[in-house]
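One structure below.
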Amino acid sequence: MKFGFFDDANREYVITTPRTPYPWINYLGTQGFFSLISNTAGGYSFYKDARLRRITRYRYNNVPIDMGGRYFYINDNGTIWNPGWSPVKTELDEYECRHGMGYTKITGKKNDLKVNVTFFVPQDYDGEVQQVVLTNEGSSEKTFSLFSFAEWCLWDAQDDSNNFQRNFSTGRVEVDGSVLYHKTEYRDRRDHFAFYSVNDTIDGYDTDRDSFIGLYNGFNNPEAVLAGKATNSFADGWAPIASHYKKITLKPGEVKTLVFILGYVEMPVDQKFEADGKTINKVKAKAMIDKYSTPEKFEAGMKELKAYWDKLLGIFTVTTPDDKVDRMVNIWNQYQCMVTFNLSRSASYFESGIGRGMGFRDSNQDVLGFVHQIPDRAKERIIDIASTQFPDGGCYHQYQPLTKKGNSDIGGDFSDDPLWLILSVSAYIKETGDWGLLDEMIPYDNDMSIAQPMLEHLKVSFYHIVNNLGPHGLPLAMRADWNDCINLSCYSDTPGESFQTYTNPKFAAEGGYSKIAESVMVATLFTYAGPNYVEILKHLGKDDEAAKAQAEIDKMKKNIMESAWDGDWFLRAYDANGEKMGSKECEEGKIFIEPQGFAIMSDVGKDQGADLKTLAAIDERLNTKYGLVLNNPAYTKYYIQYGEISTYPGGYKENAGIFTHNNAWIICAAAYAGQGDQAFKYYSEIAPAFTEETSDIHKTEPYVYGQMIGGKDAGSDIGQTGKNFGQGKNSWLTGTAAWNMVAISQYILGVQPDFDGLKVDPSIPHEWDGFTATRQFRGANYNITVKNPNHVCKGVKSLEVNGKAIDGCVIPYEAGTKEFNVVVTLG
Ligand code: GLC
Ligand code: GLC
């Protein structure tokens with residue numbers, strides 16, 4: 001069942017009922033000011049840091065779901081409603097929500113009054129602009145009252161949700177005409193305030209929540225709205241809010257447009273106040289309000305936003321035989337990659353914005369998805385990440401975006417982390433041809449006195465793996481690898497102990513983790529990422545070093561085939577007792593997804609047919625109609641020696657859930673192995689646009705990936721196998737976005753930046769007659785036509801560039817050439 005439709009021409013998803021199976025949200029803002037907005041106008045705003053600078057309050061996991069947002073209330077002669085339906089939930093005569101690129105439009109109509117609200121965060125602007133267009137579509141005059149509503153958060157979202165003995169008494173506001181100011185702590189230790197304005201006179205306001213709502217009422221029936229009149233309340237402590245009240249009369253056909261602004265302002269310390277030393281100096285706020293004070297200025301801001309997205313989404317476009325692929329590649333997957341880049345894993349409806357910093361592995365992987373859109377910011381991000389690395393190649397697992405320092409609470413020793421840096425740096429160089437990044441001096445642990453060129457960071461990353469091998473010559477598993485829930489050293493039997501950071505006394509003397517437990521996933525990630533390092537060295541003429549590194553990769557491949565090939569697929573790990581994990585010999589969890597894709601893509605055991613055998617095993621044991629499960633069979637018992645994984649009921653999360661992030665690795669691997677049909681099958685099982693028809697089962701947004709989908713074993717613990725199978729969770733902020741962008745664009749469509757130029761080597765469904773693509777790459781335009789006359793999946797028979805035949809499938813980069821017309825014929 002669908003709850004809306006794609007409007008590709010406008011790059012919008014149009015939601016046609018407010019009762020979506022879960023709140024379906026969008027993100028506004030790309031620089032400093034960010035808002036999340038659901039299809040019923042729920043959500044919240046913050047400046048840069050979702051914990052430390054939260055502007056409006058949100059109640060996660062609330063009953064009912066999605067409480068808190070920016071609401072407009074109408075009282076039309078006793079009929080009370082919101083254009084976004086919630087929170088009053090009066091049935092509307094018409095409802096529509098359009099989520100677009102950086103904006104959301106919500107329209108509601110009731111009793112001939114149509115209210116259309118457009119929300120967006122302009123470029124270079126610290127505020128959310130809301131244009132409200134009210135139209136009397138009836139044949140008689142209408143008089144009604146309009147109320148706006150926003151609830152202020154007292155800045156630090158974590159403190160705001162637990163320090164009530166203080167926070168019930170700190171709220172402060174100021175009212176100046178139609179502008180309602182939130183200045184809690186502004187007089188004291190803060191140099192910032194927020195405001196909510198409207199470009200018209202008002203008939204009243206409220207700034208105190210309990211006066212507006214009433215202590216025993218809710219967002220769905222605020223007393224002031226019921227009474228049809230604001231109380232002009234003034235918050236002093238308790239919960240400061242901002243609500244404008246305006247009486248409006250519209251003749252038949254008459255339209256009234258209002259522009260509201262929810263803004264954030266920082267002031268120099270010596271200019272915070274007017275001469276009286278108390279009143280906020282409003283110069284900056286007034287300039288912000290003036291910037292979007294009319295519908296014309298509002299339109300201009302929207303146009304600028306559109307131009308921004310036209311530019312970003314114009315860098316890579318495709319036309320394939322499948323419009324679902326086109327809308328994913330051209331619009332939504334690229335959009336999600338940018339949002340994930342901006343927000344990392346901080347603020348969504350599932351990430352509370354107060355927990356984690358930026359992940360070392362997460363952010364490096366995000367780079368793979370957006371580097372073509374904004375290479376400069378990718379470079380900056382890579383440098384920030386690398387600056388938190390330790391001199392021995394280990395890494396802080398996370399860093400704080402505000403300080404850019406490594407987070408010592410979580411520390412290091414996640415075995416996969418260093419390898420992702422090799423991949424992100426390589427992706428950046430392949431995209432831009434900017435080898436200069438390797439010469440940039442990058443500190444270790446943010447200490448500039450021990451800085452070394454980026455190339456050295458790659459070296460220590462590579463050798464961190466080589467220097468930490470276990471008994472089978474495979475990388476030590478340490479606290480966890482990519483799978484945070486396989487903790488072969490950090491297991492404990494004490495409730496509440498962190499699986500990732502707990503130091504088991506058994507291993508304390510050995511440095512905190514087992515010297516026996518090994519990760520096959522890290523071994524195959526090493527053989528996949530390592531060759532990039534070798535190619536970089538060769539390019540720099542460092543042939544001896546390249547040969548030395550290559551020898552390590554070859555040795556690792558040998559070790560994998562000797563100790564980690566299970567006959568039909570690759571093992572997952574050796575645990576701290578030296579027992580196999582993810583083997584036929586295991587009672588449960590016989591096969592895992594993570595090591596397989598990277599093994600195939602680095603040709604481990606290819607001469608023995610390991611690639612195709614593994615793909616067959618994956619298809620047989622892991623595939624379902626909703627995607628590939630992470631492991632099979634699911635764990636039904638608690639295996640303490642594996643850490644967190646078996647604490648999840650079967651079918652969820654890392655215990656046999658469909659973890660969409662790693663599905664992409666198999667899509668890439670199948671495409672790499674020439675199995676275009678298989679690759680596309682897995683792609684279409686999870687790509688959001690393909691799940692649209694089953695939105696009632698999938699539940700989360702049909703335009704973005706989520707982290708997880710319930711696996712085939714979901715419900716088995718309670719004897720209801722299949723319950724929640726196919727149900728999406730944790731949408732928006734996930735490495736799935738980047739990796740699926742890589743899977744479809746670079747592996748299936750095969751348009752892949754390489755060190756020497758752009759490579760085109762598709763691996764597509766055999767039915768396709770071909771496709772076309774445009775790609776901006778290193779300052780030139782590539783117009784690519786792929787023809788598939790013989791209906792194969794893979795194999796470039798000929799490549800023509802500007803009318804000339806070329807050998808191989810890499811288009812040699814030529815400085816100065818601005819247009820490359822490329823014709824690829826498969827066969
Ligand atoms: C979460 C984490 C990511 C990890 C994955 C698998 O998505 O953000 O770092 O790799 O879970 O456990
Ligand atoms: C939990 C989650 C996992 C996440 C980890 C770190 O283990 O299941 O997905 O990556 O926490 O936050």
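Atoms within a ligand are numbered from 1 in the order they appear, just like the ligands themselves.
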Which ligand 1 atoms, with their elements, are less than 4.0 angstrom from a heavy-atom of Arg361? 3 (C), 4 (C), 9 (O), 10 (O)
Find all atoms of ligand 1 within a distance of less than 4.0 Å from any non-hydrogen atom belonging to Glu654, and give their numbers and elements. 6 (C), 11 (O), 12 (O)
Hey, are Ser602 and Thr527 close enough side-chain-wise for a donor-acceptor pair under 3.5 Å? yes
Table please: side-chain donor-acceptor pairs of residues 709-718 below 3.5 Å, with sequence neighbours left out.
residue	atom	partner	partner atom	Å
Lys712	NZ	Arg621	O	2.9
Ser716	OG	Asp713	O	2.7

Compare Asp362, Ile486, Asn662, Asp417 and give the one whose heavy atom is closest to atom 3 (C) of ligand 1. Asp362
Below a 4.0 angstrom heavy-atom separation, can you tell me which part of His661, side chain or backbone, both or neither, approaches ligand 1? neither
Between Asp484 and ligand 1, which residue portion shows a heavy-atom distance shorter than 4.0 Å: side chain, backbone, both, or neither? both
Within the 4.5 Å heavy-atom criterion, are Glu594 and Val520 side-chain neighbours or not? no
I need the single residue from Phe414, Trp420, Trp665, Phe592 that forms a ring-ring contact (aromatic ring centres under 6.0 Å, His included) with Trp482. Which is it? Trp665
Side-chain donor-acceptor contact under 3.5 Å, Gln707 with Thr660: no
